[in-house]
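Take a look at the structure below.
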Amino acid sequence: MIQNKNILIGITGGIAAYKIPLLVRLLKQAGAHVQVICTESALQFVTAQTLSVLSENKVHSEFFDPETHLWNHHVNLGLWADAFIIAPAGSNTLAKMVQGQCDNLLLTTYLSARCPVWVAPAMDLDMYEQPGVKLNLETLKSRGVHVIDAEEGPLASGLSGKGRMAEPETLFQALNDYFAPPVTGWLGKKVLVTAGPTYEAIDPVRFIGNHSTGKMGICIAEALANLGAHVELVLGPTHLSVSENRYAGNIKTTRVKSAKEMLQVCKDLFVHCDGLIMSAAVADYTPEFVAPEKIKKSDERISLNLVKNPDILFELSTHREQHQFSVGFALETQNGEENALQKLHKKRLDAIVLNMVNENTGFQSETNKIVILDNSGKKIESDLKSKSDIAVYLLEHLNLILFKHENENRH
Ligand code: C5P
């Protein structure tokens, strides 16, 4: 999805430049952020005002802003962009790109951009057939630049042939396709994800909690959203939240405190979901009574009666519909696999994700290492990775475990 992506458009001098405002409009309608760089000659074919109104941004064309005299940071523009499209790209610009020349802001930005780059060549038919131009396009392709081939039809010269810049809709499609999530079983699925600790109140100011930050579950929610799934994230108390990236719109977060609250919210949401991934560190026990006022310091010793909390995963998993999948987590300090397998069977899960507690894994750690066990006896073990990489790894394997038949039917 191109929504919330930063798209940089570079326009060079050519009659097809008049079509770029339409590309800007298509991108903006799809929710992308757009900035435009024009070469000096591009501005003879399209006005900066048109582009700036449509992109809702200032148009860049010179190294220094003529009004403020501030430097236009080509490096910043290159870093800002998730994609850079140069359209129309004339033969001169293509040649300079190949040679690494940088005599204007557009070329300088190209040289410092780290994002993928597209070019949409536009020139007269004989120019397009020139061996030098062809070689330049081949060279750019071999360096990873995406070339959107010119189309056949009437040309500004009055001749007819191949050389017209591809239509704005085609340019938009090329960018949109690039950012479309890969087609896996996750695409379009609605997934309930739980994350974080629960807080079990003792009195109005105290609670029983644990060290979970919810990071692993948030990474799973984000990775699911990136794959085109819709996520209901039920999040226990944590200072963390979903990052404001381009797919954040696919995640709806409901914050809860206690296990009971989490159970109620999950029950309500799960009926509308295709499955759940339960990574929350739910408190197993909760105080039998919550003191209505702050408990005063008096006796040397006081005791707290705890009663068992509902097992949310067990409740949901054992009452689920046949089409719904269920994945749990097991955080263990010893006999990891044995304990995880017991939970897999007892809670009637499709798969369980085991993570052991040590200095690089588990609560409050930036990294994790998991073992995925499924109910057919399969065991998959990851290396130590960042939690966001672990989330991607987990979803790749769950895709194979959970959606095997769907994936086969698709191919
Ligand atoms: O039984 P145990 O707590 O080790 O199981 C861990 C799995 O069960 C995790 O997926 C956790 O989110 C879930 N769980 C739950 N409700 C509880 C306790 C754990 O949903 N009360």
Side-chain angles (χ1 to χ4, degrees), residues 191-201 207-221 224 231-238 240 253-271 273 275-288 306-320 324-358 361-364 368 370-375 387 390-391 394-395 397-398 401-402:
V191 187
L192 174 63
V193 177
T194 65
T198 61
Y199 283 1
E200 309 298 319
F207 59 85
I208 298 174
N210 59 61
H211 294 298
S212 167
T213 59
K215 170 107 182 168
M216 191 65 247
I218 289 174
C219 287
I220 292 172
L224 278 167
V231 184
E232 289 286 359
L233 175 64
V234 179
L235 189 57
T238 172
L240 297 183
T253 306
T254 310
R255 289 191 182 257
V256 295
K257 281 213 173 87
S258 67
K260 278 201 190 81
E261 213 184 319
M262 187 177 272
L263 173 68
Q264 197 46 56
V265 171
C266 286
K267 267 186 171 169
D268 292 345
L269 293 172
F270 191 48
V271 284
C273 290
L276 90 151
I277 302 178
M278 183 94 202
S279 72
V282 185
D284 291 326
Y285 292 90
T286 191
E288 188 173 14
L306 301 177
V307 291
K308 225 175 184 176
N309 256 335
D311 187 323
I312 304 169
L313 182 57
F314 178 85
E315 294 270 322
L316 297 182
S317 190
T318 52
H319 292 99
R320 68 190 149 119
Q324 292 178 305
F325 64 84
S326 161
V327 176
F329 267 69
L331 182 69
E332 304 292 337
T333 53
Q334 56 181 347
N335 303 332
E337 274 185 47
E338 199 184 313
N339 289 334
L341 280 172
Q342 267 178 20
K343 286 172 194 174
L344 173 79
H345 295 127
K346 186 175 155 222
K347 303 191 191 202
R348 283 181 235 149
L349 309 176
D350 293 303
I352 192 152
V353 185
L354 164 66
N355 42 179
M356 300 296 291
V357 181
N358 72 37
T361 61
F363 292 165
Q364 295 196 326
N368 204 358
I370 56 168
V371 180
I372 307 166
L373 301 162
D374 78 2
N375 61 8
K387 284 190 170 167
I390 285 286
L394 172 64
L395 296 182
H397 288 282
L398 288 180
I401 294 169
L402 303 171

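Whatever order the structure lists ligands and atoms in, that order sets their numbers, starting from 1. In this chain, numbering begins with 1 at the start of the sequence shown.
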N/O pairs closer than 3.5 Å, ligand 1 and protein:
unit_1: ligand 1; atom_1: 1 (O); unit_2: Lys347; atom_2: NZ; d: 2.9
unit_1: ligand 1; atom_1: 4 (O); unit_2: Lys343; atom_2: NZ; d: 2.4
unit_1: ligand 1; atom_1: 5 (O); unit_2: Lys347; atom_2: NZ; d: 2.8
unit_1: ligand 1; atom_1: 8 (O); unit_2: Lys347; atom_2: NZ; d: 3.0
unit_1: ligand 1; atom_1: 10 (O); unit_2: Met278; atom_2: O; d: 2.6
unit_1: ligand 1; atom_1: 10 (O); unit_2: Phe329; atom_2: N; d: 2.8
unit_1: ligand 1; atom_1: 10 (O); unit_2: Phe329; atom_2: O; d: 3.3
unit_1: ligand 1; atom_1: 12 (O); unit_2: Ala280; atom_2: O; d: 2.6
unit_1: ligand 1; atom_1: 16 (N); unit_2: Ile312; atom_2: N; d: 3.0
unit_1: ligand 1; atom_1: 20 (O); unit_2: Ile312; atom_2: N; d: 3.4
unit_1: ligand 1; atom_1: 20 (O); unit_2: Leu313; atom_2: N; d: 2.8
unit_1: ligand 1; atom_1: 21 (N); unit_2: Pro310; atom_2: O; d: 2.9

Any ion pair linking Arg320 and Asp350 (charged N to carboxylate O, less than 4.0 Å)? yes
Taking ring pair (Phe, Tyr, Trp, His ring centres under 6.0 Å) as the definition, give me every residue that meets it alongside Phe207, ordered by chain and number, with sequence neighbours left out. Tyr199
Indicate whether the side chain of Glu200 and that of Thr198 have a donor and an acceptor atom separated by less than 3.5 Å. yes
Heavy atoms, side chains only, cut-off 4.5 Å: are Leu276 and Phe270 in contact? yes
Using the salt bridge (charged side-chain N to carboxylate O under 4.0 Å, His left out) criterion, which residues pair with Lys215? Sequence neighbours excluded. Glu366
Only counting residues at least two apart or in another chain, list the ones meeting side-chain contact (heavy atoms from CB on, under 4.5 Å) with Thr253. Leu233, Leu235, Val242, Ile251, Arg255
